Amino acid sequence: MQNRIGMFALLVVLMFTLFPGSAFAAPYESYQYDFYGYAVAAPAPYLPERALTGLDLGIGHFEQPNDMHITENGHLYVLDSGNNRIVHINERGDMVRIISSFANDDGFNQPTGLYVTRDGTIYVADTENRRVVVLSAEGELKKTVENPESDILPPDFQFYPLKLTVDQAGRIYVISRGMFEGIMQFDENGQFLGFVGTNKVRPNIADYIWRYLSTREQRERMVLFIPSEFSNVDVDERGFIYATNVDLTTDETIKRINPSGEDVLKRYGYHHVKGDIQYDLYGSNRGPSRLIDIVYRGDGMYSVLDGFRGRVFTYDHEGNLLYVFGGIGNQHGVFRTPVALAAMGEKLAVLDRGTSRIMFFEPTSFGRAVNTAVSLQYQGKDEEAVPYWREALRLNANFDIAYIGIGKAYLMERKNREAMEYFKLGMNRKYYSTAFKRYRKEVMREHFGAILNTVILLSAGFVFYRIYGKVRKRRGNTGETTTV
Amino acid sequence: MKQQRFEFPFRLMIRPFSCFWDMKYEGKGTVRDAFIIVVLLVLAMILNRQFAGFLVNYYDPQLMNSLNEVRYVIVPLLLWCVSNWSITTLMDGEGKFREIFMVASYSTLPIILVLIPFTLISNFMTEEETVFYWLFIIISIVWFVWLLFVGTMTIHQYSASKTIATMFLTLIVMMIIIFLGMLMFSLLQQAFGFVYNVYREIIFRL
């Protein structure tokens with residue numbers, strides 16, 4: 001027995017030394033949701049690449065970092081809130097500078113949100129100073145946004161900006177603490193414009209009945225039904241705002257808000273776009289995902305961060321869940337208190353406040369195949385996407401979206417029968433129906449002569465049978481009468 | 001005679017009043033035929049789950065279990081018969097248990113007759129045409145309820161309103177039976193658990 005355990009241990013050690021392949025390196029289990037809502041195993045789409053701490057940069061530990069941003073050229077900005085500074089790191093991972101003061105010793109006070117535009121302008125939600133600070137690429141103060149005034153704001157309104165994002169026109173979108181009306185929109189000069197994208201309140205029937213039954217005094221003392229606040233925002237290249245909220249009662253925790261303030265997120269997937277759809281109802285790990293950050297990945301893809309279970313969910317532009325990775329823990333590659341998510345090309349980075357470090361993740365061959373296929377499909381190159389879908393399927397036969405992707409390409413090539421097969425594998429009834437309709441028409445046209453002949457023959461046979469039956473009956477009848 | 005036996009259930013679908021009358025007073029229809037119809041219904045349900053077209057078939061193949069189908073048909077049917085018998089005995093019904101069972105199972109014939117061909121046809125339907133599939137399924141169920149209503153009325157010699165009232169009461173009694181059954185099982189479980197725990201306690205102390 002002892003010997004056997006020893007052998008097994010040796011085998012395990014050997015396995016890890018002989019195959020130090022990436023498959024062993026994932027400290028989390030990746031999964032996917034199938035059509036019926038079950039979590040099924042999937043290969044890891046992303047693997048931890050490296051961790052970055054303040055010590056690595058020689059500037060001491062980050063303290064309670066709250067946000068980070070990666071610009072398109074790969075520059076990383078970390079909002080080191082506890083130290084009231086911004087750390088700027090270039091694409092090679094070297095320190096560029098630290099911004100801790102601007103405009104003659106003015107500084108931050110517990111900032112929580114950060115955004116950097118393409119030209120390097122830095123926007124900081126300087127929460128406890130109750131203002132948004134805008135710094136130029138060189139770190140000089142451009143302007144501050146303070147104390148917005150408007151008729152639609154309550155008179156005792158306190159401006160505590162938490163998270164923000166900036167669109168290409170320079171409009172600033174701010175989530176403010178205790179502001180339930182929606183995301184605050186400011187123009188490029190810092191003028192308050194109004195709110196966009198209010199979360200709706202949906203009291204359930206029990207609430208109505210309860211309110212109906214209670215007295216006026218009770219009703220006044222009841223908790224108000226207030227909409228939930230947003231938790232984070234991002235903006236895509238067309239100026240649509242992606243926002244998350246931590247409302248545990250709704251299935252629409254992710255929103256895509258168009259310029260007129262409406263939610264236009266496509267939710268065509270099998271399941272709700274809300275992170276986990278299967279979760280414990282009891283215990284310390286219960287409840288839906290708490291989405292605290294969202295990042296637009298380009299080509300319609302977006303990733304959200306679940307701060308509760310430490311998972312990153314990625315969706316395509318139609319609301320199909322593409323992959324899930326990450327978790328809570330102490331190993332390399334999982335988090336203690338994840339707070340922010342950022343994307344750098346195909347790579348992803350998660351800021352962990354609990355361990356004061358940034359984890360970088362790079363795609364595996366599966367993740368890369370999925371990313372490429374989704375991008376190509378978004379650009380309308382369905383046929384070019386097929387080899388990547390096949391690669392994804394080779395690594396994960398449970399990947400329904402890949403079947404649908406291949407099916408779509410077949411449908412365009414008018415290979416209806418193959419398309420039907422793939423849509424069925426991908427459980428997409430709508431497209432299956434389209435492919436089937438075409439296929440049926442095709443078969444009918446091909447065998448039109450045969451079908452028509454059969455129908456004619458059958459009806460002729462039927463008529464003949466009826467006549468024959470009648471004749472026999474009449475004969476039988478007459479026969480009977482004659483014998484009697 | 002043999003042909004009549006075969007014809008009777010079909011004639012019953014079209015002319016339920018006279019046929020249920022015949023069933024009660026002329027001895028038409030047999031319990032054996034009733035059983036055959038139940039078996040056919042189970043078969044039709046299983047075939048439907050397994051072979052209905054992709055566009056109308058939402059069953060998870062991982063959860064498919066033919067024995068479950070048997071349970072879903074037989075248990076409600078027997079529950080109906082027992083509850084209906086219990087209620088009508090108290091409410092001056094003239095039907096015997098045998099007749100109640102025969103009415104219930106003969107009434108399911110429209111469901112079988114719709115389910116089997118439509119299972120086949122649904123394989124050749126597009127999404128827009130599946131409306132007809134669901135329409136016919138609903139028609140068959142309404143037909144079944146109609147036959148059950150007429151049958152119950154005839155064998156118990158009730159008025160229409162009294163029949164409706166009994167049918168509702170039967171449903172309630174079905175629920176009561178289920179509730180009592182569950183109660184009994186949970187009590188039994190607890191009792192068994194108690195005895196088992198006492199036994200373990202003794203074993204550990206000795």
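For clarity, every value in this text was computed on a predicted model and none was experimentally measured. Chain A is the first sequence line, chain B the second, and so forth, proteins listed ahead of strands; every chain is numbered from 1.
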Ring centroid separation for Phe35(A) and Tyr33(A), is it under 6.0 angstrom?
no

Sort by residue number and list every residue of residues 434-445 of chain A having at least one heavy atom under 4.5 Å from chain B.
Phe436(A), Lys437(A), Arg440(A)

Quick one: does Ile202(B)'s side chain get under 4.5 Å of Tyr199(B)'s, heavy atoms only?
no

Quick one: pull up CG in Leu90(B) and OG1 in Thr166(B) and give me the separation to the nearest 0.5 Å.
11.5 Å

Is there side-chain contact between Trp85(B) and Phe101(B), with at least one heavy-atom pair below 4.5 Å?
no

With under 30° as parallel and over 60° as perpendicular, where do the rings of Tyr196(B) and Phe192(B) fit, or are they tilted in between?
parallel

Suppose we call two aromatic rings close when their centres sit under 6.0 Å apart. Are Trp21(B) and Tyr25(B) close by that rule?
yes

Quick one: what part of Phe423(A) sits under 4.5 Å from any heavy atom of chain B, side chain, backbone, both or neither?
backbone

